[in-house]
Amino acid sequence: MQNSRVTVETTDTAPARFSALRRLAVPLGVLGGVALAFGYVGAVDPNEPGHYPGCPFLQLTGAFCPGCGGLRSAHAVAHGDLAGAFGANALAVVGYALFAVVWTVWVVRAARGRAVSLALGRVQLWILGGVVLAFTVVRNLPFGGFLSP
C-alpha cells in the first residue's frame, strides 16, 4: 500500500464585496439576536406577573441580585425610557452601552479586515467583579434604595 498525501490549497475566489459581507456576518448576526431579544422583552412586559420566571436569588434570600430589574430595564430601553431603565437596573444600562461600544468597534474592525480580540486581564476582571459586587451590596442597603428595582 502506498501512503498518499492530500494537499488542499485554499484561495479566496469570492469577489471582494462578498468578502466584506462575510466578515460582517457574525457581528450582524449578534446584533440581530440582540434586537430580537429586546423586541421580545419590549413586546412582552416584564412588569406584568406571569410572563417571566422570578429571580431565584431574590426568592431564596430576599435580596436583589445584580440582574434584578434587568428585564424591566430592557423593556424600558426598548420603549425609549432611559430614566425608567436606570431606575430598574442602572448596571444593566451601563452594560447595554458597553455592548454598543464593543459591538461598534467589532464591526469597524471586521469591515477593515482586522482581527478582533477582547481579552480582559486579571486586573480588569477583578475590577469588573468588584463593581458588580459593590452594586449588589449597595442596592440592598437602606441608603442604596435608589439602585433597587
Side-chain angles (χ1 to χ4, degrees), residues 8 10-12 14-149:
V8 178
T10 58
T11 58
D12 190 14
R17 65 178 180 224
F18 293 118
S19 178
L21 185 59
R22 192 176 324 128
R23 289 191 307 262
L24 292 174
V26 174
L28 292 176
V30 168
L31 180 64
V34 169
L36 284 172
F38 268 84
Y40 180 80
V41 172
V44 181
D45 191 357
N47 294 305
E48 295 178 15
H51 291 294
Y52 300 97
C55 174
F57 185 81
L58 178 62
Q59 289 174 352
L60 290 173
T61 66
F64 297 115
C65 77
C68 281
L71 284 173
R72 290 185 294 270
S73 176
H75 180 77
V77 167
H79 289 275
D81 181 12
L82 287 180
F86 270 104
N89 190 324
L91 188 63
V93 176
V94 171
Y96 306 150
L98 285 174
F99 171 80
V101 169
V102 169
W103 184 85
T104 302
V105 169
W106 184 15
V107 167
V108 169
R109 291 185 65 88
R112 293 180 180 167
R114 299 168 123 190
V116 178
S117 174
L118 179 63
L120 297 176
R122 293 178 91 181
V123 173
Q124 290 91 359
L125 290 173
W126 277 103
I127 290 171
L128 179 62
V131 167
V132 171
L133 180 63
F135 175 76
T136 304
V137 169
V138 170
R139 77 188 316 207
N140 286 292
L141 294 174
F143 65 86
F146 66 96
L147 291 175
S148 297

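Numbering of residues begins at 1 and proceeds along the displayed sequence. As the structure is a prediction and not an experimental result, all values here were calculated from the model.
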Task: Sub-4.5 Å side-chain heavy-atom contact between Arg72 and Pro149 - done: yes

Open item on the list: If you define the side chain from C-beta out and look only at heavy atoms, does anything of Trp126 sit under 4.5 Å from Leu120?
Closed with: no

Open item on the list: Quick check against the 3.5 Å criterion: does Tyr52 have a side-chain atom that pairs as donor or acceptor with the backbone of Val44?
Closed with: yes

Open item on the list: Give me the atom names and distance for the closest heavy-atom approach of Ala110 to Leu24.
Closed with: CB-CD2, 4.0 Å

Task: Taking every non-hydrogen atom, the tightest pair across Leu71 and Val41 - done: O-CG1, 3.4 Å

Task: Distance flag, aromatic centroids of Phe38 and Tyr96, threshold under 6.0 Å - done: yes

- [ ] Indicate yes or no: at least one non-hydrogen side-chain atom of Asp45 is less than 4.5 angstrom from one of Glu48.
- [x] yes

- [ ] Answer yes or no: is there a side-chain heavy-atom contact under 4.5 Å between Phe99 and Thr104?
- [x] no

Open item on the list: Donor-acceptor pair, distance only, cut-off 3.5 Å: does the side chain of Arg139 make one with the backbone of Gly144?
Closed with: no

Task: Straight-line distance of Leu125 CG to Arg122 CZ, nearest 0.5 Å - done: 9.5 Å

Task: Atom of Ala92, atom of Gly70 and distance for their closest heavy-atom approach - done: CB-CA, 4.4 Å

TODO: Provide the closest heavy-atom pair for Ala85 versus Ala76 in the form atom of the first, atom of the second, distance.
DONE: N-CB, 3.5 Å

TODO: State, yes or no, whether a side-chain contact exists between Phe64 and Thr136 at a heavy-atom distance under 4.5 Å.
DONE: no

Open item on the list: Do Val94 and Val131 have side chains that approach each other closer than 4.5 Å (heavy atoms only, starting at C-beta)?
Closed with: no

Task: Contact summary for Pro27 and Trp103, nearest pair of heavy atoms - done: O-NE1, 2.8 Å

- [ ] Given side-chain contact (heavy atoms from CB on, under 4.5 Å), test His75 with Asp81 step by step and report yes or no.
- [x] CA-CA 9 Å; His75 180 77; Asp81 181 12; over 6 Å; no

Open item on the list: How close do Val93 and Ser73 get, counting heavy atoms only, and between which atoms?
Closed with: CG2-OG, 3.4 Å

Open item on the list: Just verifying a value: how many Å separate Leu141 CG and Ser148 OG, rounded to the nearest 0.5 Å?
Closed with: 9.0 Å

Open item on the list: Rounded at 0.5 Å granularity, tell me how far CG in Leu147 sits from CG in Asn89.
Closed with: 9.0 Å

